[in-house]
Amino acid sequence: MKVVSIAGLGHHVGSEVLVQGWLYNKRSSGKVRFVLVRDGTGIVQGVVGPGVDAQVFALADTLPQEASLKMGGMVRAEPRAPGGFELAVTYLEPIHVPTTPFPIGLKEHGVGFLMAHRHLWIRSRRQTPLLRIRDATLWAIRSFFRERGFVATEAPVLVGTSVEGTTTLFPLDYFGTPAYLSQSGQLYLEATCAALGKVYWIGPVFRAEKSKTRRHLIEFWMAEAEQAFLDHNGNLALQEDLVRYVVESVVAERSRDLAEVERDPALLLQEVKEPFARITYDEAVAAIWDRGVAMEVGDDFGAPAEDALSHLFGRPVFVERFPASIKPFYMKRDPERPDRVLCADLIAPEGYGEIIGGSQRVDTEEELLAQLREANLPPEPYQWYTDLRRWGSVPHSGFGLGVERTVQWLTGTTHIRETIPFPRTLDRLYP
RNA sequence: UCCCCGGUAGCUCAGUUGGCAGAGCAGCCGGCUGUUAACCGGCGGGCCGGAGGUUCGAGUCCUCCCCGGGGAGCCA
């Protein structure tokens, strides 16, 4: 019998095939046994009916949840079967039979219990589609940049200096020298950008903030890009193209998984159909006040303010030109208004919040040194970075997209911890 | 760091005014010829998070501690 994947069973109707996987669940009714097997691509129901070998019946009765096995039989279309196809089982071969019950049952579990069993939780019905959609998201990002001629250039994860002066870093002992886990690869991308023109990387970054919300991870993945000769407006256009490309790719590629997690693909496509909304920081503050949320001009947006913005347009919105005082030192000032910077945050709709932060970068050494001073940062550790402005400095811009936040939006997932295989959260390093 | 909620069977939870520790699921045994987290009957299963206190009597009330969850701030 030919070994096939469950996702591809539709191509084998009428043929005898073999699937290899794990027993997800079993049910029975009189003389019929239903054996649900998952293989990582999907779940199929095997039916053990009249006329089948007694030994197969016995196995269908006794194999426990998460036993690994091979199941063979004829594929047939069956509207009563989950997924529309089922296997008329004639062959069952156990590979490994657990001797203790699988901890993750099919009924409800508490979050704490699930997180403590994350290594097993990822096998369950909602988690596998989420991880496949995450994969599709990462591939879409890579394809987009590749098609646009960007070069993948990795940034180091072990670094000696901070990127965002404000954010807390994880300190390390680097053979006697203080070092940190990177919170962003951006400064290094600005260097490789001057070597290669258009660059990107996708990698893990670390924030030692004691954040405890459904939108934060201690370790998360960023997709960052940097392009020479790209100005602020070009930067927004690039981000918009990327986000639309990712949404359309994921919807095209993983519609079955989106259905499995009960996310409406039509809504996602509609949200990226029109050009994204663009408002300035000042317009955003006015809109937030208008929605009855209190905040001061000059402050960054709090969670309620960001939520209000997120629901404003029914599509992603760029909030541009923030006050320089609340943004990092490397952002270029708005020539029309020197207390503002040429930056933008992209806020996803439906309350999913900020998924991109980006800006045009400072491109003269004098200006950069001045802004380091204003940020109370010492120039020495940043000398390699300020050096970039001494030889052939050009206008350049870039951004960082939060991969998990994006997957959260694409899948409609309430908590960010389900969008990465092994989330690192406050107070949880196991498993 | 701050605010709120919780901790009772392997899991999810109920437990009244302080008065004998409960259910569903999972496990095991049996039944059912199309199940959809199947269903029906039976069986086993407890350091009520920990320490102290009040009381004739504490899962229940009080104090402290530990652990978990939700949110804020900060950010992607």
Side-chain angles (χ1 to χ4, degrees), chain A residues 24-36 43 45-52 57 60-62 64-66 78-84 86 88 98-117 120-121 124-126 163-168 183-186 202 204-224 239 299-307 326-328 345-348 352-358 399-409 414-417 419-420 425-428:
Chain A
Y24 174 75
N25 190 20
K26 57 182 200 247
R27 296 184 277 264
S28 72
S29 176
K31 296 286 180 284
V32 185
R33 305 287 183 275
F34 299 92
V35 182
L36 280 82
I43 297 183
Q45 162 175 296
V47 183
V48 183
V52 175
F57 262 99
D61 278 335
T62 55
Q65 191 187 356
E66 288 303 311
E78 169 55 70
R80 287 172 293 184
E86 67 180 17
T99 51
T100 50
F102 190 63
I104 315 288
L106 300 169
K107 298 271 179 176
E108 291 171 42
H109 293 285
V111 172
F113 179 82
L114 289 171
M115 286 291 279
H117 295 84
L120 303 174
W121 182 24
S124 61
R125 189 143 208 177
R126 182 178 166 82
V163 176
E164 326 269 336
T166 55
T167 316
T168 319
Q183 54 194 177
S184 162
Q186 186 208 306
I202 304 174
V205 293
F206 307 85
R207 304 278 165 93
E209 282 290 337
K210 301 221 167 177
S211 300
K212 220 188 145 188
T213 80
R214 66 178 69 165
R215 299 183 310 280
H216 289 86
L217 291 167
I218 304 300
E219 172 181 330
F220 65 98
W221 284 63
M222 277 230 277
E224 302 187 274
Q239 293 168 41
D299 283 356
D300 212 341
F301 303 122
E306 194 180 287
D307 193 63
I326 54 171
K327 286 293 179 182
D345 287 353
L346 181 64
I347 315 281
Y352 289 99
E354 184 181 351
I355 55 171
I356 293 182
F399 62 90
L401 172 141
V403 171
E404 289 77 14
R405 291 255 181 106
T406 303
V407 174
Q408 215 184 332
W409 168 44
T414 311
H415 202 295
I416 198 166
R417 64 184 157 223
T419 62
I420 184 168
T425 57
L426 194 62
D427 300 324
R428 197 175 281 284

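Everything numeric here is computed off the predicted structure, so don't read it as measured data. Keep in mind that the numbers below use all heavy atoms, side chains included, and drop hydrogens, waters and symmetry copies. Chain letters run A, B, ... following the sequence lines, proteins first, then strands; residues in each count from 1.
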B:rG41 - base-pair partner by Watson-Crick or wobble geometry, distances under 3.5 Å
B:rC29

Quick one: CD on A:Gln408 to CD1 on A:Ile416, what's the gap to the nearest 0.5 Å?
5.0 Å

Answer for the Watson-Crick or wobble partner of B:rC74, both distances under 3.5 Å, is none

Would you mind reading off the distance between A:Asp61 atom CG and B:rC28 atom C1', rounded to a whole angstrom?
14 Å

Examine distances only and state if a side-chain atom of A:Glu224 and a backbone atom of A:Gly185 form a donor-acceptor pair shorter than 3.5 Å.
yes

Under 4.0 Å between a Lys/Arg side-chain N and an Asp/Glu carboxylate O for A:Arg215 and A:Asp307?
no

Closest approach to the side chain of A:Val47, judged atom by atom: which nucleotide of B:rG34, B:rA26, B:rG73 is it?
B:rG34

Rounded to whole angstrom units, what separation is found between the CZ atom of A:Phe301 and the P atom of B:rC74?
12 Å

Between A:Thr425 and A:Gly357, which is nearer to the 5' end of RNA chain B once each is assigned its nearest nucleotide?
A:Thr425

Rounded to whole angstrom, note down the C1' distance from B:rC25 over to B:rG50.
29 Å

Work out how far the P atom of B:rG7 is from that of B:rG49, and round it to whole angstrom.
8 Å

Could you tell me whether A:Gly105 contacts a base, only the sugar-phosphate backbone, or nothing, with contacts defined as non-hydrogen atoms closer than 4.0 Å?
nothing

Would you say B:rG70 has OP1 or OP2 under 4.0 Å from some side-chain N or O of A:His415?
yes

Residue mapping more 5' on RNA chain B - nearest nucleotide basis, A:Met115 or A:Pro50
A:Pro50

Just verifying a value: how many Å separate A:Lys26 NZ and A:Asp61 CG, rounded to the nearest 0.5 Å?
7.5 Å

Side-chain contact check for A:Phe34: nearest option of B:rA37, B:rG73, B:rG34 is B:rG34

Taking the same atom, P, in B:rU8 and in B:rU16, what whole-Å distance lies between them?
16 Å

Taking the side chain of A:Arg405 as its heavy atoms from C-beta onward, which of B:rC75, B:rU35, B:rG70 lies nearest to it?
B:rC75

Would you measure the distance from the C1' atom in B:rC74 across to the matching atom in B:rC13 and give it in whole Å?
36 Å

When rounded to the nearest Å, what value does the distance between C1' atoms of B:rA14 and B:rA21 take?
11 Å

What does A:Glu306 touch in the nucleic acid at a heavy-atom separation under 4.0 angstrom: a base, only the sugar-phosphate, or nothing?
base

Go through the N and O atoms of the side chain of A:Ser211 and the base of B:rC75, and report whether any donor-acceptor pair is under 3.5 Å.
no

Rounded distance (Å) that lies between atom P of B:rA76 and atom CH2 of A:Trp409:
18 Å

Value rounded to 0.5 Å, distance of CD in A:Glu66 from CZ in A:Phe102:
4.0 Å

Can you check the distance between B:rG27 and B:rU33, where both ends of the measurement are the C1' atom (answer in whole Å)?
26 Å

Any base atoms under 4.0 Å from A:Leu217, or only sugar-phosphate, or nothing? Heavy atoms, all strands.
base

B:rC75, B:rC11, B:rG70: which one has an atom nearest the side-chain heavy atoms of A:His109?
B:rC11

Return the value, rounded to whole Å, for the distance between atom CG of A:Leu426 and atom C1' of B:rC2.
13 Å

What is the nucleic acid contact for A:Arg215, judged by heavy atoms within less than 4.0 Å: base, sugar-phosphate only, or nothing?
base

Any base atoms under 4.0 Å from A:Gly302, or only sugar-phosphate, or nothing? Heavy atoms, all strands.
sugar-phosphate

Just to confirm, is there a sub-4.0 Å distance from OP1 or OP2 of B:rA72 to any side-chain nitrogen or oxygen of A:Arg214?
no

Hey, does A:His117 reach any base, or is it just sugar-phosphate, or nothing, if we go heavy atoms under 4.0 Å?
nothing

Need one value for A:Phe220: base, sugar-phosphate or nothing, where a base atom within 4.0 Å counts as base even if backbone is also close, heavy atoms only.
base

Using a heavy-atom cut-off of under 4.0 Å over every strand shown, decide if A:Pro98 touches base, sugar-phosphate, or nothing.
nothing

Rounding to an integer number of angstrom, what distance separates B:rG53 and B:rG18 when you compare their C1' atoms?
15 Å

For atom P, what is the distance between B:rC5 and B:rG44, given to the nearest Å?
39 Å

Checking only heavy atoms, does the side chain of A:His216 share a donor-acceptor pair with the base of B:rC75 at less than 3.5 Å?
yes

How is A:Ser28 classified with respect to the nucleic acid when contacts are heavy atoms under 4.0 Å: base, sugar-phosphate, or nothing?
base

CD of A:Glu306 to CZ of A:Phe301, rounded to nearest 0.5 Å, is 8.5 Å

When rounded to the nearest 0.5 Å, the distance separating CG of A:Leu426 from CG of A:Leu217 is 11.5 Å

May I have the distance from A:Asp307 (atom CG) to B:rG71 (atom P), rounded to whole angstrom?
12 Å

Against the side chain of A:Met222, the closest entry in B:rA76, B:rA26, B:rU35 is B:rA76

Side-chain donor/acceptor of A:Glu86 to base of B:rG34, under 3.5 Å
yes

How long is the straight-line distance from CD of A:Glu354 back to CG of A:Leu401, given to the nearest 0.5 Å?
10.5 Å

Separation of A:Leu401 atom CG from B:rC75 atom C1', in whole Å?
14 Å

Under 4.0 Å between any heavy atoms, over every strand shown, what does A:Glu78 touch: base, sugar-phosphate, or nothing? Just pick one.
base

Give the rounded distance in Å between these two atoms: CD of A:Gln65 and P of B:rA26.
10 Å

Categorize A:Asp300 for me: base, sugar-phosphate, or nothing, with a 4.0 angstrom heavy-atom threshold over every strand shown.
sugar-phosphate

In Watson-Crick or G-U wobble terms, with both distances under 3.5 Å, the base opposite B:rC61 is B:rG53

Can you tell me the Watson-Crick or wobble partner of B:rG6, both distances under 3.5 angstrom?
B:rC67

Value in whole Å for how far the C1' atom of B:rC74 lies from CZ of A:Arg207
10 Å

Donor-acceptor under 3.5 Å (A:Gln183 side chain, A:Ala208 main chain):
no

NA contact type, A:Gln45, heavy-atom cut-off 4.0 Å: base, sugar-phosphate, or nothing?
base

For B:rG71, does OP1 or OP2 lie under 4.0 Å from any side-chain N or O of A:Lys212?
no

Out of B:rA26, B:rG70, B:rU35, minimum distance to the side chain of A:Arg80 belongs to B:rU35

